[in-house]
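Some notes on the structure that comes next.
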Amino acid sequence: MWSKGTVRVPAEDGTYTVIKYEVKHYAEPSEWGYEGGRASKIWLQQDGREVYCFERGETRQLQTPEAAAALAAILKEYN
C-alpha cells in the first residue's frame, strides 16, 4: 500500500518546513523494510529537491535536519 502526504516540521523561529513524502508499507514487517519494519520504500522532498530515499535499502542519505525529523514522524506511523 502506498501513502502520500506532507509533514510539517517546526523550526526554532516558530515557522514550519513542509516535507512531502511517499511511503510503500505493508501490514507485516519484512526483511526489506526499514530496519526490518513495514516500510519498504520511503521518499522525502523538501523545497523541490529529494532529501531522503529508501528503496529496500538507503539510496540517498538524509540531507537536512528537517528531513530527519520528518523521517522520524513517518516511521512512527508506517514502520
Side-chain angles (χ1 to χ4, degrees):
M1 167 184 249
W2 281 96
S3 295
K4 299 178 186 181
T6 59
V7 174
R8 288 176 24 143
V9 179
E12 290 181 12
D13 64 0
T15 63
Y16 288 88
T17 298
V18 176
I19 307 288
K20 292 182 183 180
Y21 71 86
E22 293 183 17
V23 180
K24 185 174 186 179
H25 54 93
Y26 298 92
E28 298 295 325
S30 163
E31 68 179 281
W32 299 110
Y34 185 92
E35 296 182 350
R38 299 181 307 122
S40 66
K41 296 184 181 188
I42 306 167
W43 175 81
L44 304 179
Q45 184 184 59
Q46 178 180 345
D47 298 326
R49 69 182 181 102
E50 182 180 89
V51 290
Y52 184 72
C53 188
F54 179 91
E55 292 192 22
R56 298 182 180 172
E58 192 173 75
T59 58
R60 177 177 297 275
Q61 294 181 344
L62 288 164
Q63 303 293 303
T64 66
E66 296 86 2
L71 178 62
I74 290 163
L75 291 174
K76 283 183 182 179
E77 185 168 346
Y78 297 109
N79 206 41

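For Arg60, the side chain to side chain donor-acceptor pair (under 3.5 Å) test picks out Glu50, with sequence neighbours left out. Ser3 is linked by a side chain to side chain donor-acceptor pair (under 3.5 Å) to His25, counting only residues two or more places apart in sequence or in another chain. Taking Glu22 as the reference, nothing meets the salt bridge (charged side-chain N to carboxylate O under 4.0 Å, His left out) condition, with sequence neighbours excluded. Every residue was checked against the ring pair (Phe, Tyr, Trp, His ring centres under 6.0 Å) condition with Tyr52, not counting sequence neighbours, and none meets it.
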Could you go step by step and tell me if Tyr34 and Ile42 meet the side chain to side chain contact (heavy atoms under 4.5 Å, CB included) rule?
CA-CA 9 Å; Tyr34 185 92; Ile42 306 167; 4.1 Å; yes
Go through the steps to decide whether Thr6 and Tyr21 satisfy the test side chain to side chain contact (heavy atoms under 4.5 Å, CB included), and finish with yes or no.
CA-CA 6 Å; Thr6 59; Tyr21 71 86; 5.5 Å; no
CA sep, side-chain torsions, deciding dist, call: Gln45, Trp43, side chain to side chain contact (heavy atoms under 4.5 Å, CB included):
CA-CA 7 Å; Gln45 184 184 59; Trp43 175 81; 3.4 Å; yes
Set out, in order, the CA-CA distance, both residues' side-chain angles and the distance that settles side chain to side chain contact (heavy atoms under 4.5 Å, CB included) for Ile19 and Val9, then state yes or no.
CA-CA 7 Å; Ile19 307 288; Val9 179; 4.0 Å; yes
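Hydrophobic side-chain contacts under 4.5 Å tie Val18 to no other Ile, Leu, Val, Met, Phe, Trp or Tyr residue.
Shown here for Gln61 and Glu58, the closest heavy-atom pair between the two residues is CG-OE1, 3.2 Å. Tyr26 and Ser40 make their closest contact through CE1-OG, 3.4 Å (heavy atoms, listed as atom of the first residue, atom of the second, distance). For Gly36 against Pro29, the heavy-atom pair with the smallest separation is O-CB, 3.2 Å. Residue Phe54 comes nearest to Trp32 through the heavy atom pair CE2-O, 3.8 Å, listed as atom of the first residue, atom of the second, then distance.
One distance of note links NZ of Lys24 with NZ of Lys4; it measures 13.0 Å at 0.5 Å rounding.
No donor-acceptor pair closer than 3.5 Å links the side chain of Arg8 to the backbone N or O of Tyr16.
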Identify each donor-acceptor pair in which a side-chain atom of residues 64-77 lies under 3.5 Å from a protein atom, sequence neighbours left out, and give them as a table.
unit_1 : atom_1 : unit_2 : atom_2 : d
Thr64  : OG1    : Gln46  : OE1    : 2.7
Thr64  : OG1    : Ala67  : N      : 3.0

